[in-house]
Amino acid sequence: MPSDYCPSRHRTVRRLTRVVNVGAVAVGGNNPIRLQSMTTSDTEDVAATVAQAIRLAEAGCEIIRITAPNKAAAIALKDIHRQFRAAGFAQPLVADIHFLPVAAMEAVEHVEKVRVNPGNYADKKKFAVLEYTDKAYAEELERLHEAFTPLVLRAKALGRSLRIGTNHGSLSDRIMNRFGDSPNGMVESALEFIRIAESHGFKDMILSMKSSNPKVMVEAYRLAAARMTELGMDYPLHLGVTEAGEGEDARIKSAIGIGSLLADGLGDTIRVSLTEDPWHEIPVCREIVSRAEGFAALGAASAVTLPADPADPFSFARRETELIELSPKCLAGSGEVPRVIVRSVAGLADWQAAAKEILDAHAAQREVRAEGLLVRLDEPAHAAGLRSLRKALGQAVPALFVETSLSPADFPFDGSGSRLVVVKAFSAADSASLQAWGEAVAKHDAILAADLVGPTLAALAKELAAIPAGRLILTSSQPQEGLHATGTVRELVRCADIAQLEAPLWIRTTVANAVRLDPGFQSRLIEASIFAGGLLVDGYGDFLSCETPTSTAKSLTLAYDILQGARMRQTKTEYVACPSCGRTLFDIQSTTMKIKERTGHLKSVTIAVMGCIVNGPGEMADADFGYVGGAPGKINLYVGKTPVKFNIPQEEAVERLVDLIKEKGRWVEA
């Protein structure tokens, strides 16, 4: 297993790739991160597709993809390209190809790039379980060589580029049986095609490793970068979380997957796949890329080099920690779901407002609850307010996190109600203070959340180790000098690992930890998702607080939504919904909304909504149920990746999906 996938896990140093020209747009090298999207119209409707391409170009899309599901659609690309250029637009067009080499051979004549999916370009999936001997596997590769070579040679002759676009949902039977439905299988699938292209001296390729699961997607891209380094390859990467869905949840998933990779220096072009009109994707792309630019500026200004932290970047595992008891029914640490903390907007000067704030936020939600409330105490005069708030919250909030500058002697440990967690910042010179706080929390049955960076932890390792088990939480509310926020926490974990500290970790998305915090909730959502999500997919994080939103209710829901997006905690229905394209066999936007209206209360169920079968069965391996376009106006329903109901009229299909969920015992009334 390769070990190095990026130059640094602590600051952003961009992975240097070869430059691939997509028409007049250069991708990779030191070029800007390029923004992409895809038309959703029927490709054979030339006027509609040109109109969408123009609207995307005007929105700032730099590379525009158009599906070519058959030869007729590929032929239509000629007129689309001609009319688009005649309208005065220079953005390159990309043909999206699945299943049909004949469509690819037509499309390459008309557009600047062709995307092929190696899982189904020359393979018909049968989901067959076969044992491939080395000879049989070699014969399959020879067949693949014969099928792909004509496109490579024609692209080379015409000066076109190719994207080898692997999808977790559509790996070939050959790959599935030898490498499994895994990031490793995704990478090997792409390498098969790359080797064929390289055998003809063709290197104008871009790679992608997409999945609807951000954890799988991140692991696959990391592994692809590492394998390319081993093999002496330097192809650019196109980043995306496929079938992300719509609304805030889709933006969170995309920011987790794309943003965390950009922070590691991976990625040369991106697409955010929303089940919305495609021009809505571009502002989200810009938001994510603006953070990458901030990461890169910080990395360029720093020369810090540190050893890697202990996480395996290619295989998810939660960091092992000891347990913390917030209440008899609420534990935190490995083996438990990450716990959510919210910061009070009201202060202790008005403790009644603080209590009302959190209780109102609870009342407004169906399933989510804060497991800790964070307040600030610097004035001894507010001690009475702390006691009253602690008592008022009682069992409604298991723990009261109190950030303070007071000494242990002045801190009001007395009182009853929510468990006290003292949040205290330490420097390397605070040995005596840390020792005093450790003794105080042990004496008063409280917990200490030590706010510090890696070098400080290393300097205070002896004092931290002396704090009894179950009394210590580690956190960093500000980045370490020369590191970005994600790298700061990774270095904190590394130092904790060396010191053999197994204290749980609290991820705090604070203003100080932000790369760029613009006005508006979307900016805060993306900022928090990149930072927190990037750590969660590494297996780090036992507590999470989103402290930049402007209200307690927003902080609460955002934290839970990030945990769900990172596949760490499910508190509502999970939807895997494709963004639509010319292959889509029904109005996916309105249908997705109808399905959400009927099923949005099923918190433990995952539903896939797929416009066609291209990625359906594979991506639905993550789903409990699937709603898939089978033919115009006809829907097939799936349980997992197995089709069970066929050719249902679209107008009946949502209710038939509900009936199927009931039949399988997964339905509860709203």
Side-chain angles (χ1 to χ4, degrees), residues 318-344 351 354-375 386-403 413-423 441-449 467-475 502-508 532 536 539-546 552-553 555-564 566-573 601-605 668:
R318 281 283 296 278
R319 171 178 171 258
E320 291 288 334
T321 74
E322 60 199 21
L323 288 176
I324 294 276
E325 182 180 305
L326 302 182
S327 75
K329 294 183 178 180
C330 184
L331 304 179
S334 58
E336 300 290 329
V337 294
R339 301 301 180 180
V340 171
I341 304 163
V342 295
R343 176 181 281 282
S344 172
W351 67 267
K356 184 176 186 302
E357 180 182 63
I358 188 64
L359 296 176
D360 284 352
H362 283 184
Q365 305 298 326
R366 186 167 57 242
E367 296 294 342
V368 302
R369 297 288 184 270
E371 289 141 334
L373 178 65
L374 175 61
V375 295
L386 176 62
R387 296 186 190 98
S388 297
L389 177 61
R390 186 181 174 194
K391 184 176 181 180
L393 294 179
Q395 297 303 309
V397 180
L400 195 57
F401 285 64
V402 187
E403 201 166 20
F413 284 104
D414 57 312
S416 61
S418 298
R419 187 85 184 269
L420 277 179
V421 180
V422 180
V423 184
V441 295
K443 178 181 178 181
H444 294 285
D445 192 28
I447 298 166
L448 176 65
I467 297 174
R471 303 285 183 188
L472 178 63
I473 297 168
L474 300 175
T475 191
E502 296 184 343
L505 179 68
W506 172 15
I507 300 172
R508 298 183 65 181
L536 291 166
Y540 296 155
D542 307 287
F543 298 89
L544 173 62
S545 61
C546 295
T552 299
S555 298
L556 181 62
T557 56
L558 178 56
Y560 273 100
D561 289 347
I562 289 173
L563 290 173
Q564 178 141 341
R567 304 295 181 98
M568 295 299 294
R569 187 171 182 176
Q570 186 167 344
T571 50
K572 60 184 181 181
T573 318
H601 62 289
L602 303 174
K603 71 173 185 176
S604 62
V605 173
V668 295

Indicate the ring-plane relationship of W506 and F401, choosing parallel, tilted or perpendicular according to the 30° and 60° boundaries. perpendicular
Donor-acceptor contact present, side-chain [X] to main-chain [Y], <3.5 Å:
| X | Y | result |
| --- | --- | --- |
| Y560 | R369 | yes |
| E322 | G470 | yes |
| T573 | L602 | yes |
| R419 | D445 | yes |

Ignoring hydrogens, what is the shortest heavy-atom contact between [X] and [Y]? Give both atom names and the distance.
| X | Y | result |
| --- | --- | --- |
| R319 | D542 | NH1-OD2, 4.2 Å |
| I562 | C546 | CD1-SG, 3.8 Å |
| V605 | Q570 | O-NE2, 3.2 Å |
| P398 | A370 | CD-O, 3.9 Å |
| S344 | T552 | CA-OG1, 4.5 Å |
| L474 | A503 | CG-CB, 3.9 Å |

Using the side chain to side chain contact (heavy atoms under 4.5 Å, CB included) rule, take L420 and H444 through it: C-alpha gap first, then chi angles, then the decisive distance, then the call. CA-CA 9 Å; L420 277 179; H444 294 285; over 6 Å; no
Quick check: do V340 and V368 have side-chain heavy atoms less than 4.5 Å from each other? no
With a 4.5 Å cut-off on side-chain heavy atoms, are T571 and K603 touching? no
I'd like to know whether R569 forms a side chain to side chain contact (heavy atoms under 4.5 Å, CB included) with E336, so could you lay out the CA-CA distance, the side-chain angles of the two residues, the decisive distance to 0.1 Å, and finally the verdict. CA-CA 10 Å; R569 187 171 182 176; E336 300 290 329; over 6 Å; no
V342 and side chain to side chain contact (heavy atoms under 4.5 Å, CB included): which partner among L558, I358, L544? I358
From [atom1] ([X]) to [atom2] ([Y]), nearest 0.5 Å:
| X | Y | atom1 | atom2 | answer |
| --- | --- | --- | --- | --- |
| D561 | K572 | CG | NZ | 3.5 Å |
| E357 | L556 | CD | CG | 11.0 Å |
| S555 | R343 | OG | CZ | 9.5 Å |
| L400 | I447 | CG | CD1 | 11.5 Å |
| F543 | I341 | CZ | CD1 | 5.5 Å |
| R339 | I473 | CZ | CD1 | 12.0 Å |

Can V422 and F413 be said to form a side chain to side chain contact (heavy atoms under 4.5 Å, CB included), step by step? CA-CA 9 Å; V422 180; F413 284 104; 4.0 Å; yes
Tell me which donor-acceptor pairs under 3.5 Å the side chains of residues 324-332 have, and how far apart each pair is, sequence neighbours excluded?
from: S327; atom 1: OG; to: K329; atom 2: N; distance (Å): 3.4
from: S327; atom 1: OG; to: C330; atom 2: N; distance (Å): 3.2

Step-by-step side chain to side chain contact (heavy atoms under 4.5 Å, CB included) determination, L374 to R508: CA-CA 11 Å; L374 175 61; R508 298 183 65 181; 3.6 Å; yes
